[in-house]
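Notes for the one structure printed next.
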Amino acid sequence: MKGTLATRHYDFDAIVVGSGISGGWAAKELTEKGLKVLVLDRGRQLRHGSGYYGEHAPDWKLPYQGKPDRERYARDYKWGSKTNAFDEASLRFWNNDRKNPYAEDEGKPFMWARADVVGGRSLLWGRQSYRFSEQDFRANEVDGHGIAWPVSYKDIAPWYSHVEKFVGINGKTEGLPQLPDGEFQKPMPWYAIENTIKDRWKEHAPDVTLTNARVAILTEDLPNRAACHYCGPCHRGCSTGSYFSSQSSTLPAARATGNMTLMADKLVEKLEYDARENRVSKVHVIDAVTRERLSFSARIFFLCASTIASTQVLMQSTSKEFPDGLGNSSGVLGRYLMDHALDLSGVGGFFDNLDSYFHGYRPLGLYVPRFRNVGDQDSEAEFLRGYGYQTMTMRMDWSTTFNTKGFGVDLKEKLRKPGPWFFGMNSFVECLPYKDNRVYLSKAKVDRFGLPQVAFDAEFKANEYKLRDDARRQADRLLKAAGAVFSVIGDEEELSMFGAGIHEMGTARMGDDPSESVLNKWNQAHDVPNLFVTDGSFMTSSSCVNPSLTYMAFTARAADYAVQQMAEGRI
Amino acid sequence: MNRREFMQCAALLVSGAGVASVPFSLSAEQEQFLAAADNYNTGEANYFSDAQRRIVAAMAEVIIPRTDTPGAIDAGVPRFIELMVRDWLNDEERAIFEAGLKDIESRIPREFGASFDALDSDSQLAIMETLEEEASSSAWYRFGNVVRDFVSDAPFICQFKELTIHGFFTSERGSTEVLSFNMMPMSFDGDVPLDPGASTWAARIQS
């Protein structure tokens, strides 16, 4: 490294806080560019392969043969257990919500589902991976909600390609402007009933597209990772590395450079600000096991601790110059919190294709890309932006019909055979950025390390409800067009709890104007040039598509920029 | 070397491949791989009396009898029920179950002249059908009422059926000899001809 600061002694060239989706990418990119990198994670150590203690365990080996341990989950895993990535065979990856609480009695209800292992939620994510479109990047400036993104699709497209090739995403190219195609592995096959539905939509609902969910699961081998073996429950960990996680992919790549030091059980307390040089000089950590306090210096810092946790670290990192949180001269830190509102908008039953069955457990469903407010279409709609449907196809079996009358041979026969097909449509609704949706530090409550707990004050508003209502109306139309013999449309009045999408975003948003954003277009803090934040907190708007791929692309791009800046001696 | 020891060795070999800056050892918890665990329904049970065990087994067998494939007793369902009643039901649910079982234990000999398990199969079925008839207005039977953990105020017969059916189709023999089971399918095909007599796949999580 050249430059004036390079001659000084630092413990590391770079420190990455967090080892999940974003931290794994920061570690990989920075180490591969030659930097000595320390990766810190608050979670316990977990090894790829050997740490997946529940992988390939059949139901009859599980406690209670898979029935949930209700009392324990309610006590210790209040939020994790509400997700579909939670069971006895993945429970040890999740945060213990009793030991590590947040201030739930303040503000408004919020579901914060956290992992507590190295690799973070990359072990537990839904793996759906979509590009934001140019329409998504332009949405704020077009309709005036939030601030303009400081980047356009064409700035990010090469970085999407860069990460997609390494991640391994199976999907189908569709040529849709609202859902740009990427670098795909071959798509997984469909159930016959899904082809039936697609054919009927071609005729009766030609305005929608039914395509494969684009998912970070291999259908073709990559180095050290094998194509999916279709065993089913991905969230228990995958020792063949068939789905992308930090454990299977980015951390091994970083480790292979010899440049990574990874420390587990290290909770970040504070980033120390050096006013004289206007830079972060050190990270202060608490060992979660021994309570020992340590600090490490570095030339640059990447915060990748997840949206809420990174924002929490910045808020805790106060100084004379930054009394309201590091890099928060704009005052927007913690604000514009977004999540995707989820709604099971409709489920349909089908008596078609009953003579067709399947082999293997396909770990994904299909996807209906946004079809409302695309381009100039639907200009009369009473809502802004849109939603997409993630679909799930299943055949009824004993587990969905056990509460039936009768006994004996007839019952046994009925229960062992497949019933009709079901096709469910889950809408993922874009959330506008609202200033008063926020996370903040509780003044009343501290955690077991003496650090302030976070509290949430966020809610979905009229536009999200209107989108949800439209998603239900459209699901009704689409299930009828698909030939469902019966369908049930969502009728819950309330939307999903804020946070339940587990797509929390936006509390340190990026923008061109330092007076209304925390980060610049390179994920670099406007106020503190050697600080980068590349998890979901940088998001300026939410789109309706799953955001992790976007975090990865921006992380790789920021790492590239940071190393250039170091080489030029600027940071 | 037994299977459990083999799995643990394999785990240690895998874990040796990486490099960490902090000393790493498997915790006692991590050493226990669920795939190498004993079957849940072979766990030590000490909750029912011998007489109750015979009744529970007979009732479970009325629900899922042995045919040309294993029945509830073959699959270890009675032990599953005993473990679940002891360890899994909450106090309210356990009280309902115990009252229901005590009723069978004391009433049936009075009305039928012998314990439930000693009656002929027609009498057993008639008793079970009467229990179901009496419970038929319960919300438990409502169509689609299956996506939940349990119905805490469900009548005894509904509890019994749910535990029996779950215990059977998630057991090793129920999954592999009555349903179809394949832990490592290796491929996915969404359009395979279905033989009219074929069973479903054992339940696994799918999208």
Side-chain angles (χ1 to χ4, degrees), chain A residues 45 47 49-51 53-68 70-71 89 92 188-192 229-233 255 261-264 355-365 392 394-395 397-400 402-403 405 407-409 411-412 415-418, chain B residues 11-12 14-15 18-22 24 29-30 32-35 37 39-41 62-65 67 80 84 88 90 125 128-129 132 140-141 145-146 149 162 165-167 169-172 175 178-179 183-194 198-200 202-207:
Chain A
Q45 182 60 277
R47 288 310 177 80
S50 65
Y53 70 97
E55 192 184 12
H56 302 144
D59 284 336
W60 58 84
K61 302 279 189 183
L62 300 181
Y64 317 115
Q65 288 180 199
K67 280 276 192 191
R70 296 167 294 173
E71 199 181 314
R92 294 179 207 161
M188 290 184 185
W190 289 21
Y191 295 103
H229 51 268
Y230 299 95
C231 77
R255 194 174 284 128
T261 304
L262 175 68
M263 293 189 190
D355 57 354
S356 172
Y357 207 47
F358 61 93
H359 170 87
Y361 299 101
R362 192 183 67 185
L364 53 85
M392 51 184 183
M394 57 177 284
R395 190 100 189 233
D397 62 13
W398 68 268
S399 69
T400 46
F402 63 81
N403 64 337
K405 287 190 176 154
F407 298 97
V409 178
L411 178 67
K412 185 181 178 186
L415 290 175
R416 77 171 178 86
K417 288 184 177 171
Chain B
L12 287 164
V14 176
S15 71
V19 180
S21 61
V22 289
F24 181 78
E29 198 176 40
Q30 284 168 304
Q32 199 198 331
F33 280 76
L34 292 175
N39 288 4
Y40 176 73
N41 67 13
V62 170
I63 297 171
I64 311 265
T67 52
F80 174 78
M84 292 293 278
W88 192 81
N90 65 31
L125 180 61
M128 299 282 276
E129 282 175 340
E132 184 148 273
W140 188 83
Y141 289 102
N145 179 31
V146 290
D149 297 338
E162 183 160 345
I165 293 168
H166 182 91
F169 286 114
T170 58
S171 71
E172 182 166 12
S175 296
V178 181
L179 304 180
M183 182 57 81
M184 285 290 166
M186 299 309 293
S187 63
F188 175 76
D189 185 341
D191 191 7
V192 177
L194 179 67
S199 297
T200 64
R204 300 278 286 161
I205 294 153
Q206 33 176 153
S207 309

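In what follows, every chain begins at residue 1, and chains take the letters A, B, ... in the order their sequences are listed.
Of all the heavy atoms in A:Ala57 and B:Ala35, the pair that sits closest is CB-N, 3.7 Å. When all heavy atoms of B:Pro185 and A:His229 are compared, the pair lying nearest together is CD-O, 3.4 Å. Scanning all heavy atoms of the two residues, the minimum distance from B:Met183 to A:Pro58 falls at CE-N, 3.7 Å. The two residues B:Leu34 and A:Pro63 come nearest to each other via the heavy atoms CD2-CD, 4.4 Å. Closest heavy-atom contact between A:Val409 and B:Pro65: N-CG, 3.7 Å.
Looking at B:Met84, the atoms closer than 4.5 Å to chain A (heavy atoms on both sides) all sit in the side chain, from C-beta outward.
Note that the NZ atom of A:Lys412 and the CD1 atom of B:Ile64 stand 7.0 Å from one another [nearest 0.5 Å]. Within the model, atoms CG of A:Leu62 and CG of B:Asn39 stand 10.5 Å from one another, a figure rounded to the nearest 0.5 Å. In this structure, CZ in B:Phe80 is found 10.5 Å from OH in A:Tyr64, a value given to the nearest 0.5 Å. In this structure, CZ on B:Phe188 lies 9.5 Å from NE2 on A:His359, to the nearest 0.5 angstrom. Atom CG of residue B:Asp191 and atom CG of residue A:Asp355 lie 8.0 Å apart, to the nearest 0.5 angstrom.
Within the 4.5 Å cutoff, the side chain of A:Pro189 has no heavy atoms near those of the B:Asp189 side chain.
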Side chain to side chain contact (heavy atoms under 4.5 Å, CB included) between B:His166 and A:Phe402: does it pass, once the steps are laid out? CA-CA 8 Å; B:His166 182 91; A:Phe402 63 81; over 6 Å; no
Does the pair A:Tyr357 and B:Thr200 meet the rule for a side chain to side chain contact (heavy atoms under 4.5 Å, CB included), with working shown? CA-CA 9 Å; A:Tyr357 207 47; B:Thr200 64; 3.3 Å; yes
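In terms of modelled atom types and a separation under 3.5 Å, the side chain of A:Asn403 and the main chain of B:Val146 share no donor-acceptor contact. Side chain of A:Lys405 to backbone of B:Glu132: no donor-acceptor contact under 3.5 angstrom is found.
The most heavy-atom pairs under 4.5 Å with chain B, out of A:Gly408, A:Pro418, A:Ser399, come from A:Gly408. For the set A:Lys67, A:Met188, A:Glu55, the count of heavy-atom pairs under 4.5 angstrom toward chain B peaks at A:Lys67.
With respect to A:Leu415, the side chain to side chain contact (heavy atoms under 4.5 Å, CB included) criterion is satisfied by exactly one of B:Ile165, B:Val178, B:Leu179: B:Ile165.
The side chain to side chain donor-acceptor pair (under 3.5 Å) test applied to B:Thr170 returns A:Gln65, not counting sequence neighbours.
Aromatic ring orientation, A:Trp398 versus B:Phe169: parallel (interplanar angle below 30°, classes split at 30° and 60°).
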